[in-house]
Student: 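One structure is given below, represented as structure tokens, and several questions about it will come after.
Below, all heavy atoms of this structure are taken into account, side chains as well, without hydrogens, waters or symmetry copies. Treat the numbers as computed from the prediction; the structure is a model and nothing was measured. Proteins get letters first, then strands, A, B, ... in listed order; numbering begins at 1 in each.
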Amino acid sequence: MVRGRGSVGGHVHERLVAEERRTPKRRSSDMNGLRVRFAPSPTGFLHVGGARTALFNWLYARHARGTFVLRIEDTDTARNTAEAVKVIFDGLQWLGLDWDEGPLPDGGVRGDRGPYFQSERRSIYDRALRRLLDQDQAYESDGAIRFRMPRKKIVVEDLICGEVCFDCTLEQDFVIQRKDGSPVFHLVNVVDDLEMGISHVIRGEDHLSNTPKHLAIAAALGGTAPQYAHIPLILNRTGSKMSKRDVGASLGEYQEGGYLPQAVRNYLCLLGWSLRENREVFPIEEAAEKFELNQIHRSNARFDADKLLWMNGTYLRSLSVEEILPHARTWLQRSGLPIAKREPDYLKEVVLLLKEKVKTGKELVEWAHPFFQEEVSFQANAVKRFFDPAGLQALRELLADLSEASDFTSSALEARFQRLAQAHATPVRTYVHPARVATTGREVGPSLYPSLAILGKDLVLHRLRRAIETFAS
RNA sequence: GACCCCAUUGUGUAGUGGUUAGCACCCCACCCUUUCAAGGUGGUAGCACGGGUUCGAAUCCCGUUGGGGUCGCCA
């Protein structure tokens, strides 16, 4: 399980110390020269696997007080668009993963090791290509340029996987520049890591098999390759690598589905890493503080949507209403409910009530309808079940009783309901259920008394009357 | 197929030679209760298999099986 970790770890330490001595300090945030990067390809969406890779890089950078670089790998020009890059910015920002260097959403740039779009680094790749060609480490073939792969055994000293030996004696030379002149992933990826001074490459394990190639290119260019750390893959429900087509594979689904970034990011931490303290819900700061590469698992992890849902509910309940409010506003506004017509305090009260009972923003929006819509829309089954003659009679009694109420607070309402039930020698649910249906249209919802208190006397009485009129005939 | 990685309940994990194998999600039961949740209590379920090494193995070694990944002029 821990094969090779000890020796590799020691090696890293020496390397870092050596590098620190010879490399002048560049900026305060990378005093130790530790530099990691997230290098997504703008495809139009951010894969949860990519998000998790970004997260682990970010955690490691923050843990070690290193530098987190964002680099956009847009060499495949046919597929790349500005909107696709925006998706990456949005996803990272939503998750709270800030980068120290890289392109900025406003079109600017931070860092002095750019440009950070590969599409703008062509001259750098051309120079590398020239050098390889001149040294006869690459050659032209069918209009493309191939890298002369050394025919030997190559050992990858991986920080997570240990020493992995690849026999490349029969390895084919591979293309590093296409016939159309554009450079290929293997080349640009390695060149950029070298040029940008990346010290640790934390990426998906699907790249482990590519690493001998990358090591060979780095060596051919006379550079010192970064340390590699291949993290386990995220698997879908059926156990294969989560792909674009899988439900729940895009981070956007969680942004749109009313998930909290704190919850998603916390859940993602758990895929291949753990705090080892029998605790699974923890703030990101604590994760950063305790994050270590050598604690990352080697086995792939299946994505468990149920557990994420549970965690989201946990966050919804534990965060303060002030923390939830901005997200709730986004969810509600997106749903088209006229929340702006109400006082801010009203919204706050509704969110405070609902956040205890729902697991996602989507659910919160559904439950919020009766609080923001003028008219209640009744669910057929709820009507059928609770608006029978007895239910309607209960509503009449309730209407008469609540009309007298001067105190419309939750506790006062509860007392009234209890008294009414007692007077008629019946359980309080006799009144509660019809009242819930009459005021919200549904048979399940948040606690009734606070709901009525928030709706207010006028609206509650109006809805009771309305239900009686509508369904009595 | 070749090469590489992996293997603790259904899922995510704790466990690094001696534990009644712990925790969480899921599922079930009960309690609480105005619905639904939440919460509380309890329960079902696990070291893939076979060989070693050892007084002793979930833990170390080998093999088997199973799963995953990579083998592009995609990244």
Student: Look at the side chain of A:Leu235 and decide which nucleotide, out of B:rG68, B:rU16, B:rA75, has an atom nearest to it.
Tutor: B:rG68
Student: Measuring only the C1' atom in each nucleotide, how far is B:rC47 from B:rC32? A whole number of Å is fine.
Tutor: 37 Å
Student: Scan every strand shown for a Watson-Crick or G-U wobble partner of B:rC3, both distances under 3.5 Å, and answer none if you come up empty.
Tutor: B:rG69
Student: Checking all strands, does A:Ala301 fall into the base, sugar-phosphate, or nothing category for heavy-atom contacts under 4.0 angstrom?
Tutor: sugar-phosphate
Student: Tell me yes or no: between the side chains of A:Arg37 and A:Asn189, is some donor less than 3.5 Å from an acceptor?
Tutor: yes
Student: Rounded to the nearest angstrom, tell me the gap between atom CD in A:Gln172 and atom P in B:rC3.
Tutor: 16 Å
Student: Give A:Asn210 one of three labels, base, sugar-phosphate or nothing, depending on what nucleic acid heavy atoms sit under 4.0 Å from its own.
Tutor: base
Student: I'd like to know if A:Glu404 and A:Arg416 make a salt bridge, using a cut-off of under 4.0 Å between side-chain N and carboxylate O.
Tutor: no
Student: Which base sits across from B:rA58 as a Watson-Crick or G-U pair, both distances under 3.5 Å?
Tutor: none
Student: What's the closest nucleotide to the side chain of A:Glu280 if the choices are B:rG69, B:rC25, B:rG12?
Tutor: B:rG12
Student: Side chains of A:Asp192 and A:Tyr125: do they bring a donor and an acceptor to under 3.5 Å?
Tutor: yes
Student: Does OP1 or OP2 of B:rU70 have a side-chain N or O of A:His230 closer than 4.0 Å?
Tutor: no
Student: Measure from NZ or CZ of A:Lys213 to the centre of the six-membered ring of A:Phe174, then state whether that distance is under 6.0 Å and the direction lies within 45° of the axis.
Tutor: yes
Student: Applying a 4.0 Å non-hydrogen cut-off, can you work out what A:Gly313 is touching in the nucleic acid: base, sugar-phosphate, or nothing?
Tutor: nothing
Student: For B:rC62 versus B:rU9, give the span between their P atoms, rounded off to a whole number of Å.
Tutor: 22 Å
Student: Given the C1' atoms of B:rA75 and B:rG69, what is the spacing between them in whole Å?
Tutor: 15 Å
Student: Do A:His214 and A:Tyr228 have a side chain donor and acceptor closer than 3.5 Å?
Tutor: no
Student: In this structure, how many angstroms lie between the C1' atom of B:rC71 and the CZ atom of A:Phe185, rounded?
Tutor: 14 Å
Student: Which whole number of Å gives the distance between the C1' atom of B:rA45 and that of B:rA24?
Tutor: 15 Å
Student: Sticking with atom P, work out how far B:rG10 lies from B:rC71, rounded to a whole angstrom.
Tutor: 32 Å
Student: Show the numbers, then the answer: is there a salt bridge (Lys or Arg N to Asp or Glu O under 4.0 Å) between A:Arg442 and A:Glu366?
Tutor: CA-CA 11 Å; A:Arg442 296 143 197 262; A:Glu366 284 168 22; 5.3 Å; no
Student: For A:Asp142, answer base if it contacts any base atom (sugar-phosphate contacts may also be present), sugar-phosphate if it contacts only those atoms, and nothing otherwise; contact means non-hydrogen atoms under 4.0 Å.
Tutor: base
Student: Does atom CZ of A:Arg148 have more than 12 heavy-atom neighbours from other groups under 6.0 Å away?
Tutor: yes
Student: If I pick the C1' atom on B:rG52 and the same atom on B:rU19, what distance separates them, to the nearest angstrom?
Tutor: 24 Å
Student: If we count only N and O atoms by modelled type, under 3.5 Å, do the side chains of A:Ser320 and A:Glu323 hold a donor and an acceptor together?
Tutor: yes
Student: Taking only side-chain nitrogens and oxygens of A:Ser209, does any of them come within less than 4.0 Å of OP1 or OP2 of B:rC4?
Tutor: no
Student: How long is the line joining CD1 of A:Ile154 and C1' of B:rU70, in whole Å?
Tutor: 15 Å
Student: Who does B:rA38 pair with, Watson-Crick or G-U, both distances under 3.5 Å?
Tutor: none
Student: Which listed nucleotide (B:rU13, B:rA75, B:rC73) is nearest to the side chain of A:Thr75?
Tutor: B:rA75
Student: When you compare B:rC55 with B:rG12, how far apart are their P atoms, in angstrom units rounded to a whole number?
Tutor: 37 Å
Student: Is there a Watson-Crick or G-U wobble partner for B:rA14 with both distances under 3.5 Å, and if so, which one is it?
Tutor: none
Student: Which whole-number value in Å describes the distance from A:Leu268 CG to B:rG12 C1'?
Tutor: 13 Å
Student: Output one letter per nucleotide in nucleotides 30-44 of chain B: B when a protein non-hydrogen atom lies under 4.0 Å from the base, S when only the sugar-phosphate is that close, - when neither is.
Tutor: ----BBBBSS-----
Student: Would you indicate which nucleotide in B:rC73, B:rA14, B:rU70 comes nearest to any side-chain atom of A:Lys241?
Tutor: B:rU70
Student: Round to a whole Å and report the spacing from CZ of A:Arg276 to P of B:rU8.
Tutor: 16 Å
Student: Within the structure shown, what part of the strands sits under 4.0 Å from A:Leu271 by heavy-atom distance: base, sugar-phosphate, or nothing?
Tutor: sugar-phosphate
Student: What integer distance in Å separates A:Met242:CE from B:rA75:C1'?
Tutor: 19 Å
Student: In whole Å, what is the span from the NZ atom of A:Lys213 to the P atom of B:rC71?
Tutor: 7 Å
Student: Measure the distance from CG on A:Asn294 to P on B:rU16 and round it to the nearest whole Å.
Tutor: 15 Å
Student: Taking the six-membered ring where the residue is Trp, are the ring centres of A:Tyr315 and A:Tyr259 under 6.0 Å apart?
Tutor: no
Student: Mark yes or no: A:Arg52 above the aromatic ring of A:Phe56, with NZ or CZ under 6.0 Å from the six-membered ring centre and no more than 45 degrees from the axis.
Tutor: yes
Student: Quantified in whole Å, what is the P atom distance between nucleotide B:rG63 and nucleotide B:rC26?
Tutor: 40 Å
Student: Would you indicate which nucleotide in B:rC73, B:rG12, B:rG69 comes nearest to any side-chain atom of A:Val184?
Tutor: B:rC73
Student: Quick one: is A:Ser299 getting a side-chain N or O under 4.0 Å of the B:rG68 phosphate, OP1 or OP2?
Tutor: no
Student: Please tell me which of A:Asn278 and A:Phe303 maps to the more 5' nucleotide of RNA chain B, matching each residue to the nucleotide holding its nearest heavy atom.
Tutor: A:Phe303
